[in-house]
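Please read the structure below before turning to the comments.
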Amino acid sequence: MSEGDSIGESVHGKPSLMYRFFTRLGQIYQSWLDKSTPYTTMRWVMTLGLSLLYMIRVYILQGWYIVTYALGIYHLNLFIAFLSPKVDPSLLEDSDEGPSLPTKQNEEFRPFIRRLPEFKFWHSATKGIVVAMVCTFFEAFNVPVFWPILVMYFIMLFCITMKRQIKHMIKYRYIPFTHGKRKYKGREETGKPFSS
């Protein structure tokens with residue numbers, strides 16, 4: 001391999017200025033993501049605020065309905081992945097391989113593992129809003145469309161998709177919201193010392 005053949009290297013073997021800039025930018029971005037991980041409520045509040053800002057922008061500009069529709073479909077897909085188990089129980093019905101969700105009261109507790117974890121759901125939803133917001137600055141994405149049809153179609157799609165997801169949850173007896181293993185209380189202390 002000759003000098004400068006690898007990605008991001010200049011002719012003299014050192015990383016190029018552009019490569020170093022984007023690497024550093026990626027590291028800063030990842031650092032901020034890592035710092036925001038424990039603050040679930042604050043992250044979602046910021047995302048809802050950004051979403052509200054986007055909706056106000058679309059309302060004031062009276063356009064970009066197709067971008068908004070695409071954003072809604074994207075968020076719906078993320079939400080369905082968030083509600084779905086990582087391992088689909090319908091695929092495990094015939095085989096005894098792999099983990100499955102408990103179906104009886106006396107089975108071992110297994111926590112619900114999502115196909116799309118909460119942090120990735122938040123991150124993808126926020127990135128989607130930012131991309132949609134950027135699209136509103138370009139007239140090429142302002143496709144003329146009769147927006148009430150898009151709203152009705154989205155509502156129908158949402159209802160059909162959620163109905164199918166709820167039926168799946170009922171059929172395979174899982175709830176996508178668990179709070180951990182049930183904790184049992186021991187005997188209450190009477191305050192008397194133990195005597196032998």
Side-chain angles (χ1 to χ4, degrees), residues 7-8 17-88 101 111-166 168-169 174-180:
I7 296 174
L17 182 64
M18 196 69 107
Y19 178 77
R20 285 185 290 162
F21 172 75
F22 283 112
T23 301
R24 183 66 186 136
L25 196 65
Q27 290 171 346
I28 292 170
Y29 178 69
Q30 187 62 48
S31 172
W32 280 102
L33 280 179
D34 293 342
K35 288 176 184 176
S36 71
T37 302
Y39 305 106
T40 308
T41 306
M42 196 60 182
R43 284 189 282 120
W44 281 104
V45 166
M46 295 297 286
T47 298
L48 289 175
L50 190 62
S51 181
L52 184 66
L53 189 67
Y54 172 76
M55 286 188 254
I56 290 170
R57 180 167 171 74
V58 168
Y59 178 75
I60 290 172
L61 295 175
Q62 293 293 310
W64 287 273
Y65 300 120
I66 202 78
V67 173
T68 306
Y69 176 73
L71 178 64
I73 295 295
Y74 180 65
H75 282 172
L76 179 62
N77 284 333
L78 290 175
F79 186 60
I80 293 299
F82 177 72
L83 292 179
S84 300
K86 187 173 187 176
V87 179
D88 191 1
L101 296 170
F112 183 80
I113 301 172
R114 302 177 186 288
R115 187 181 328 156
L116 182 68
E118 180 273 331
F119 184 80
K120 289 184 179 181
F121 177 36
W122 165 79
H123 189 232
S124 298
T126 305
K127 283 193 301 187
I129 295 168
V130 169
V131 168
M133 184 80 80
V134 169
C135 287
T136 62
F137 289 101
F138 298 100
E139 194 63 36
F141 295 110
N142 191 9
V143 178
V145 65
F146 187 60
W147 65 266
I149 291 175
L150 289 179
V151 171
M152 290 303 298
Y153 187 64
F154 179 78
I155 290 170
M156 278 184 4
L157 190 63
F158 178 80
C159 291
I160 291 169
T161 306
M162 289 310 295
K163 180 180 176 185
R164 188 183 70 209
Q165 185 66 29
I166 291 169
H168 191 268
M169 289 153 86
Y174 68 89
I175 299 173
F177 305 105
T178 58
H179 299 289

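Count residues from 1 along the sequence. The model shown is predicted, which means the values in this text are computed figures rather than measured ones.
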Within residues 49-63 or reaching into it, pairs that qualify as salt bridge (Lys or Arg N to Asp or Glu O under 4.0 Å) - sequence neighbours excluded: none

Please work out which of the three classes, parallel, tilted or perpendicular, describes the rings of Tyr69 and Tyr153, given edges at 30° and 60°. tilted

Audit row: Tyr54, Thr136, side chain to side chain donor-acceptor pair (under 3.5 Å) steps and yes/no: CA-CA 9 Å; Tyr54 172 76; Thr136 62; over 6 Å; no

Evaluate the side chain to side chain contact (heavy atoms under 4.5 Å, CB included) criterion for residues Lys127 and Tyr74: first the C-alpha distance (whole Å), next the side-chain angles of each, then the deciding distance (0.1 Å), finally the verdict. CA-CA 11 Å; Lys127 283 193 301 187; Tyr74 180 65; 5.8 Å; no

Partner of Tyr65 by side chain to side chain contact (heavy atoms under 4.5 Å, CB included), out of Ile149, Val143, Val151, Val145: Val145

May I ask you to decide if Lys120's main-chain N or O and Ser124's side chain share a donor-acceptor pair within less than 3.5 Å? yes

Looking only at side chains, do Trp44 and Glu118 share a donor and an acceptor under 3.5 Å apart? yes

Would you say Trp64's side chain and Phe138's backbone share a donor-acceptor pair under 3.5 angstrom? yes

Donor-acceptor contact below 3.5 Å, side chain Arg114 vs main chain Leu83: no

Between Trp122 and Phe119, does the ring centre distance come in under 6.0 Å? yes

Would you mind reporting whether Trp147 and Ile66 have side-chain heavy atoms less than 4.5 Å apart? no

Do Leu53 and Met133 make a side-chain contact, defined as non-hydrogen atoms from C-beta onward lying under 4.5 Å apart? yes

Could you go through Thr161 and Arg164, starting from their C-alpha distance and side-chain angles, then the distance that decides it, and tell me whether this counts as side chain to side chain donor-acceptor pair (under 3.5 Å)? CA-CA 5 Å; Thr161 306; Arg164 188 183 70 209; 5.2 Å; no

